[in-house]
Amino acid sequence: SQEQFIEPKDYGAPLSFYKNIFNRKFIVENNIYFPSLRRGQDPPFLAKAIVSTSEIPVIPVDLYGHHFQSGGGAESKVNSYPKRHDYITHYKLTYDILEKKGYFDLVNRYKKKLFIYLNNNFNDDFELMGFKIVNDVFGPGNEYFEGFEDEISQFRIKQIIDYLSN
């Protein structure tokens, strides 16, 4: 509601870079780049930018409008095993960047988004695709999900039921 500066930890979940304006010198000096993924490139880029600054200027003006179409959007383009693998990989990359800086609250908020994605997008696939990808990306121990035991259990149960149903 006003021109101000916010602390990076108060930015929120790093989802889309397009609502920000970046200084090229800042990007180059901090080695901020988009990872080589088929899907999910924005959050690791934005997480790196967030942890590379001590304050973020904000202005009370909408400079960018984005139109979301029902039934479409970026998640509808995550339509193959390699794309889904990369999309889930972006969560781990983003967590690692934020955790290294100690932004655990942001990590936990973003972990909730992972479980929403998993439970909404792995309900029609065979061979426990989502479960395989999660184990591949995060490892079988899933130490990334401490505090989210209920969510990971619900996801595993849902995957097994979907697999048995097919």
Side-chain angles (χ1 to χ4, degrees), residues 8 11-24 26-53 56 64-101 103-104 106-146 148 151-152 154-163 165-166:
Y11 180 87
L15 295 174
S16 303
F17 79 98
Y18 57 78
K19 65 181 181 177
N20 303 280
I21 299 173
F22 297 96
N23 179 302
R24 184 182 190 285
F26 169 77
I27 297 296
V28 171
E29 286 178 353
N30 289 286
N31 196 27
I32 300 169
Y33 56 89
F34 288 97
S36 182
L37 299 172
R38 291 170 197 88
R39 290 279 158 216
Q41 305 92 336
D42 293 2
F45 173 91
L46 189 51
K48 179 71 172 165
I50 289 169
V51 303
S52 297
T53 189
I56 300 170
Y64 184 90
H66 186 79
H67 176 72
F68 289 95
Q69 296 178 0
S70 66
E75 288 183 1
S76 69
K77 297 175 185 173
V78 183
N79 55 8
S80 69
Y81 187 90
K83 288 179 182 179
R84 286 185 174 190
H85 191 282
D86 280 2
Y87 194 74
I88 291 175
T89 298
H90 98 266
Y91 282 97
K92 183 176 185 309
L93 294 174
T94 304
Y95 299 159
D96 289 348
I97 292 166
L98 295 171
E99 281 184 345
K100 186 175 180 181
K101 188 71 172 185
Y103 292 168
F104 302 112
L106 279 180
V107 171
N108 287 335
R109 281 190 264 165
Y110 204 51
K111 283 182 182 178
K112 290 178 185 176
K113 294 192 178 298
L114 170 63
F115 288 107
I116 291 169
Y117 171 75
L118 291 173
N119 286 317
N120 288 336
N121 291 283
F122 285 100
N123 55 2
D124 60 354
D125 296 300
F126 57 92
E127 298 186 54
L128 302 174
M129 182 191 287
F131 188 65
K132 286 180 179 181
I133 295 173
V134 169
N135 279 337
D136 182 49
V137 171
F138 291 99
N142 293 322
E143 69 275 357
Y144 278 88
F145 302 121
E146 287 181 14
F148 289 84
E151 288 86 348
I152 197 71
Q154 289 172 2
F155 172 62
R156 286 177 176 154
I157 291 167
K158 184 177 179 300
Q159 286 282 282
I160 292 167
I161 291 170
D162 288 346
Y163 176 72
S165 296
N166 290 330

Heavy-atom pair of closest approach, residues K112 and F148: CG-CE2, 3.8 Å
Centroid separation F145 to F115 less than 6.0 Å: yes
Stepwise side-chain contact (heavy atoms from CB on, under 4.5 Å) check, I133 with Y87: CA-CA 10 Å; I133 295 173; Y87 194 74; over 6 Å; no
Shortest non-hydrogen contact between P8 and T53, atoms and distance: CG-O, 3.1 Å
Charged N-O contact under 4.0 Å between D96 and K92: yes
Reported OG1-to-CZ distance for the pair T89 and F138, which is rounded to 0.5 angstrom: 8.0 Å
Where K48 and N30 come nearest, the two heavy atoms and their spacing: CE-O, 3.3 Å
Value rounded to 0.5 Å, distance of CD in E29 from CG in N23: 8.0 Å
Interatomic distance, Y110 atom OH to L98 atom CG [nearest 0.5 angstrom]: 9.5 Å
Test side-chain contact (heavy atoms from CB on, under 4.5 Å) applied to L118 and I88, step by step: CA-CA 9 Å; L118 291 173; I88 291 175; 3.6 Å; yes
Aromatic ring proximity Y11/Y103, centre distance under 6.0 Å: no
Lys NZ or Arg CZ of K111 over Y95 ring: under 6.0 Å, within 45°: yes
Rounded distance [0.5 Å steps], CZ in F45 versus CD1 in I27: 4.0 Å
Whether H85 and Y81 hold their rings parallel, tilted or perpendicular, with breakpoints at 30° and 60°: tilted
Separation between CD1 of I97 and CG of L106, rounded to the nearest 0.5 Å: 12.0 Å
Value rounded to 0.5 Å, distance of CG in L93 from NE2 in H90: 8.5 Å
More than 12 heavy atoms from other groups under 6.0 Å of CZ on F22: yes
